[in-house]
Each structure stands twice: as structure tokens, then as C-alpha cells.
Number of protein chains: 2
Amino acid sequence: MSNSSKPKRLSVKAEQRAETRELILDEAERLFAVHGFLGVTLKDVARQAGVHHTLMNYYFEDKQKLLDEVFARRAVVTSSRRMDAMAAYEAEAGDAVTVEGALRAFLDVDLDLYAAGGEGWHSFGSLVALVANTPVWGSGLMTEHFDPVVRRLIGLLRKALPDATEEDIYWGYHFVSGALLLSLARTGRIDRLSDGLCVSDDFASIKARMATFMAAGIIEICKG
Amino acid sequence: MSNSSKPKRLSVKAEQRAETRELILDEAERLFAVHGFLGVTLKDVARQAGVHHTLMNYYFEDKQKLLDEVFARRAVVTSSRRMDAMAAYEAEAGDAVTVEGALRAFLDVDLDLYAAGGEGWHSFGSLVALVANTPVWGSGLMTEHFDPVVRRLIGLLRKALPDATEEDIYWGYHFVSGALLLSLARTGRIDRLSDGLCVSDDFASIKARMATFMAAGIIEICKG
DNA sequence: ATTATCTATAGATCTATAGATAATGC
DNA sequence: ATTATCTATAGATCTATAGATAATGC
């Protein structure tokens, strides 16, 4: 238990273990994102990762636990960044919190992460959309990882719109959430509909419009 | 080939056939909506429908074709209603087409259908969301059944916003689409987040806010 | 001595079809 | 005679584990 000043030098075995686990997580993430949880077998993941298929159960308790780890790996990163961004915004804005400011803190750091994060983050985005749309086995993951950031956003919106009803604010968030999830899914549908003018992977274009769009919508329905 | 004045009286066999097919389609729809296409086996569907599992391949070529029929059954209904609603709106509005008017024609008849359609339509809604979020096997169905209504909407929005760029209009539609899909999915997430204040199944509350919200958003991003 | 990897296999499905039997059709 | 339903089964997976072997650890 020499925990003070941990030896940074990992043993060969510990390194090998960590590398293999990451490799499996990467391939699982990629495959789950494209084919869905049930559209991928542990053997598929093992084949792609180049490891023996029995190692799947050596490194991960079962298939569900593998998904849980894939999901948690990036969910904690985006959640903590968004919490920080919202806290920073609130500190900076004081009593002058605006709907668009709150939404930018909630949306923009997240979209930046997906824009700059490469293939891994892209896959994770698609996976979040799939998980969110399969409540029967996905709602636990959504609740566990994303409820805190949503509640934080709701708090900021309340501050920005002290006269709005709770229902209007929640329905407003619901629309934001749907638009964000479809963006993360990168289905390629907008590409085909617009004949290539818009591109699903273009998170910069989405970021440029999303907070503005959603702020206008929320303010409008909260007028009622 | 006595096609003139078809005998409305169907034979017992023809009736039986039609009933069994519908029964299978109903149960497949319900199960696919909850568990996803791959989360349901043909045996599951047969068991729920109370028919022998080998009848699945007697009535439907294969599992994919069963999904295609489940999907097409209601997709043609909603699509034709929405096309009619948009045509009626355009005829009525003439050159004074508005963004909110166009969106009401696109959204409201659809939401009415889900609100009043009972369990079958509810299941279909969840299924649409799942199909839309699984591009690898779902984009064909989306394109085939929903491209025409989307193109019709885009045409109306162009008329309402002659100075807007094509990109802004398509991205605006993209946000609308995401919000609609999450509403159809009825994930129950907004219920839990709002502690029961908002209810996923409450299409009336969604309809009351959605076109207003989306019109404000589209108009705002098209100002740029 | 401990941990990573592979061999072999249990046990449980699934989809799909060939072919037999039972129920209407004309 | 035609069509609906059931019997029986081929053929192909999958997940998960017990136990053996190979590679580091100290």
C-alpha cells in the first residue's frame, strides 16, 4: 500500500492490460455506434480489436458492463466540462444570466468536444443518440450520466426567465435535447436532403446556429 | 379478373389471412418499438400474436420485410395527411406563407395522429425514432417514406423566407426534425427530469409549443 | 507466483425451410 | 384444389466458463 507518490512506472503487464482494455473499448465504441448494442457481438469486437474472443470476458464481466464502460469513459469528460462551463458562466453573468448565455455554456463546449475529438468522440455521439432512443435499456445510462448537467441548465434558465412556467422551461429543454441528440447521431440524413449543402459531421455549423435558435424558441414559448 | 365492382365479401380464408397478418404486424410494431429490431425475435412476435412461429415466414418473406411492412403501414398514412395539409395551407396562404404556418401544416396533423391514434401510433412513433437513429439499416426507410414531406416543407419555408440562405433553412429543419423525433420516441426522460410535471405521452402539450418554438428559432438563425 | 492468453466446449438460441396435416373453396 | 397451420430439423450463431499454457514479477 505504498500509495504516497505512486510509482508512475507501470509494469509491462499492467501496461499491456491497460492497452488491451482501451483497444477493446475503442473498437466496441465504434461498432456499437454504427450497429447498435445488439447489432454487435463480442466476437465482432474481439476480431476488430485483434484479440482472442475469450479475452472479452476476461477483461469485462459481460457485454452490458462493456457498454457501461464505453459509455462512462467519455460521459464523465463531457459532463464535467459542461458543469464547469455553466458554473463559470453563472459566476461571470451574476444576475444577468440570459437564455442564450446559458445554452452556450451547455451546448458549445460539448459541440467543441465532438468537433475536435476525432473518431472516438464521433462514435460516442452516435452511441449517446442510440442509448437515448432505446429507453428500455438506455434510460439508466442517460439518467446516471446526464441528469446533473441538465438540472444545472434548467437552473440557469429559471434564473434567466423568472416569470416562465416550469412546464414551458422543461418542454423548451426537451426540444433542445432532441435537436442535440440528432446532431450527435450524425445520421447523414441532412446531407442527403440538402444534396450535400449541409454535412452531418459539421459540428461548427451546428454550433454557429444552435444556441441562437434554441434561445429564440425558448423565449417565445415562455412568453405565453 | 372481374375487377369491376370487386366483391366486398371476402372468403373466410382471405379474411383469416388478413386478420392474422394484421395481428402479426401489430405485435411486431409494439415489440420493435420497445426493444428495437434486433431486440426482438420472430419467435417473440409469434408468441405475442398467438400464432405458430413458422407462420412468420409463411406470411412474411423474412424479418426485414416484416419491419418494412410495419413501417410502411402507418408511414403512408401520416405522409399523405401531411402532404394534404401543406398543400391546403399553401393554397389558402397564397403569397403570404409564414414560417409558423408552414410548420403547423407539417407538425400539427402529425402530432394529432399520434395523440389520437392509440397504442399503435405510439409504438410507430418510437419505431420511427429508432429507425432514424440507426442509419446503417434505417436510412433507406426514412428516405423512402419521409423525403417527400420534408421537401414540401422546405419549399414552403423558402417561400416564407425568400432572403434566407439554403444552409440556414436546412439546419433549421434539422433542429425541427430532432425535436420531433425525440417527441415521437416518448422516452420518458422529460417525465423523470421534470418530476412528472411534463409527460412524454402528452402530444397536446408538445403541439401547443412546437411550431411556435421552431418558427422563432428558424426566423432567428435566418436573420444572419 | 501471478497474470495474460488460448483451447475446448456447454448450453442456449435464432432464422428459415421442407414437407405433412388440417381446413376451406368451387 | 387451394391455402392455412403445424412437425421436425438444418445450419449457424452467441455468450460465458473451466481449465491449460505462455509470459512477466519479485
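To find a chain, count down the sequence lines: A is the first, B the second, and so on, and within it residues start at 1.
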For this session: Would you mind telling me which of dA23(C), dA4(C), dT7(C) lies closest to the side-chain atoms of Lys13(B)?
Result: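 Looking only at side-chain atoms, Lys13(B) lies closest to dA23(C).
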
For this session: Go through dA4(D), dT24(D), dT17(C) for me and flag the one nearest to the Val12(A) side chain.
Result: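 When the side chain of Val12(A) is considered, dT24(D) is the closest of dA4(D), dT24(D), dT17(C).
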
Does OP1 or OP2 of [N] have a side-chain N or O of [X] closer than 4.0 Å?
{"X": "Lys63(A)", "N": "dT15(D)", "result": "yes"}
{"X": "Ser11(A)", "N": "dG25(D)", "result": "yes"}
{"X": "Gln64(A)", "N": "dT15(D)", "result": "no"}

Exercise. Does the side chain of Asp68(A) pick up a donor-acceptor pair with the side chain of Gln64(A) at under 3.5 Å?
Worked result: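 The criterion, which ignores hydrogens and geometry beyond distance, is satisfied for Gln64(A) and Asp68(A).
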
Exercise. Are Ser139(A) and Arg189(B) close enough that a side-chain donor and a side-chain acceptor fall under 3.5 Å?
Worked result: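 Absent: no donor and acceptor within the cut-off.
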
For this session: List the steps, then state whether side chain to side chain donor-acceptor pair (under 3.5 Å) holds for Arg104(B) with Thr212(B).
Result: CA-CA 9 Å; Arg104(B) 289 214 173 279; Thr212(B) 307; 3.3 Å; yes

In whole angstrom, give the distance that lies between atom [atom1] of [X] and atom [atom2] of [N].
{"X": "Ile24(A)", "N": "dA4(C)", "atom1": "CD1", "atom2": "P", "result": "11 Å"}
{"X": "Glu15(A)", "N": "dA23(D)", "atom1": "CD", "atom2": "C1'", "result": "15 Å"}
{"X": "Arg47(B)", "N": "dT15(C)", "atom1": "CZ", "atom2": "P", "result": "10 Å"}
{"X": "Glu19(B)", "N": "dA4(D)", "atom1": "CD", "atom2": "C1'", "result": "13 Å"}
{"X": "Met56(B)", "N": "dT15(C)", "atom1": "CE", "atom2": "P", "result": "9 Å"}
{"X": "Asn57(B)", "N": "dC6(D)", "atom1": "CG", "atom2": "P", "result": "14 Å"}
{"X": "Asp62(A)", "N": "dC14(D)", "atom1": "CG", "atom2": "C1'", "result": "14 Å"}
{"X": "Leu55(B)", "N": "dA8(D)", "atom1": "CG", "atom2": "P", "result": "16 Å"}

Exercise. Closest nucleotide of DNA chain D for His52(B) versus for Arg17(B): which of these residues is on the 5' side?
Worked result: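 First, find each residue's nearest nucleotide; the 5'-ward one identifies Arg17(B).
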
Exercise. Just checking Tyr59(A): base, sugar-phosphate only, or nothing, at a heavy-atom cut-off of under 4.0 Å?
Worked result: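 If one applies the 4.0 Å heavy-atom cut-off, Tyr59(A) turns out to touch the sugar-phosphate alone, with no base involved.
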
Exercise. Contacts to DNA chain C from residues 30-43 of chain B, heavy-atom cutoff under 4.0 Å, which residues?
Worked result: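 Residues of residues 30-43 of chain B that come under 4.0 Å of DNA chain C are, in numerical order, Thr41(B), Leu42(B), Lys43(B).
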
Exercise. Tell me, which stems hold DNA chain C, with a stem being 3 or more Watson-Crick or G-U pairs in a row and both distances under 3.5 Å?
Worked result: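 Only these stems qualify: C:1-24 with D:1-24.
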
Exercise. Is a side-chain donor or acceptor of Arg186(B) paired with a backbone partner of His122(B) at a separation under 3.5 angstrom?
Worked result: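 Yes.
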
Exercise. Under the 3.5 angstrom rule, does the side chain of Asn133(B) hit a backbone N or O of Leu130(A) as a donor-acceptor pair?
Worked result: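 Between the backbone of Leu130(A) and the side chain of Asn133(B) there is no qualifying donor-acceptor contact (under 3.5 Å).
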
Exercise. Mapping Ala14(B) and Asp44(B) to their closest nucleotides on DNA chain C, which lands nearer the 5' end?
Worked result: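 Result of the comparison: Asp44(B).
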
For this session: Return the 5'-most residue of the pair Tyr58(A), His53(B) with respect to DNA chain C, ranking by each residue's nearest nucleotide.
Result: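 Here Tyr58(A) is the residue nearer the 5' end.
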
Is any side-chain N of the basic residue among [X] and [Y] closer than 4.0 Å to the acidic one's carboxylate O?
{"X": "Arg152(A)", "Y": "Glu90(A)", "answer": "yes"}
{"X": "Arg47(A)", "Y": "Glu27(A)", "answer": "no"}
{"X": "Asp26(A)", "Y": "Arg73(A)", "answer": "yes"}

For this session: Mark yes when over 12 heavy atoms from residues, nucleotides or ligands other than Arg21(A) sit less than 6.0 Å from its CZ; otherwise mark no.
Result: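 Result for CZ/Arg21(A): enclosed.
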
For this session: Kindly assign one of parallel, tilted or perpendicular to the pair Phe213(B) and Phe213(A), based on the angle between their ring planes and the thresholds 30° and 60°.
Result: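 Answer is tilted, since the angle falls between 30° and 60°.
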
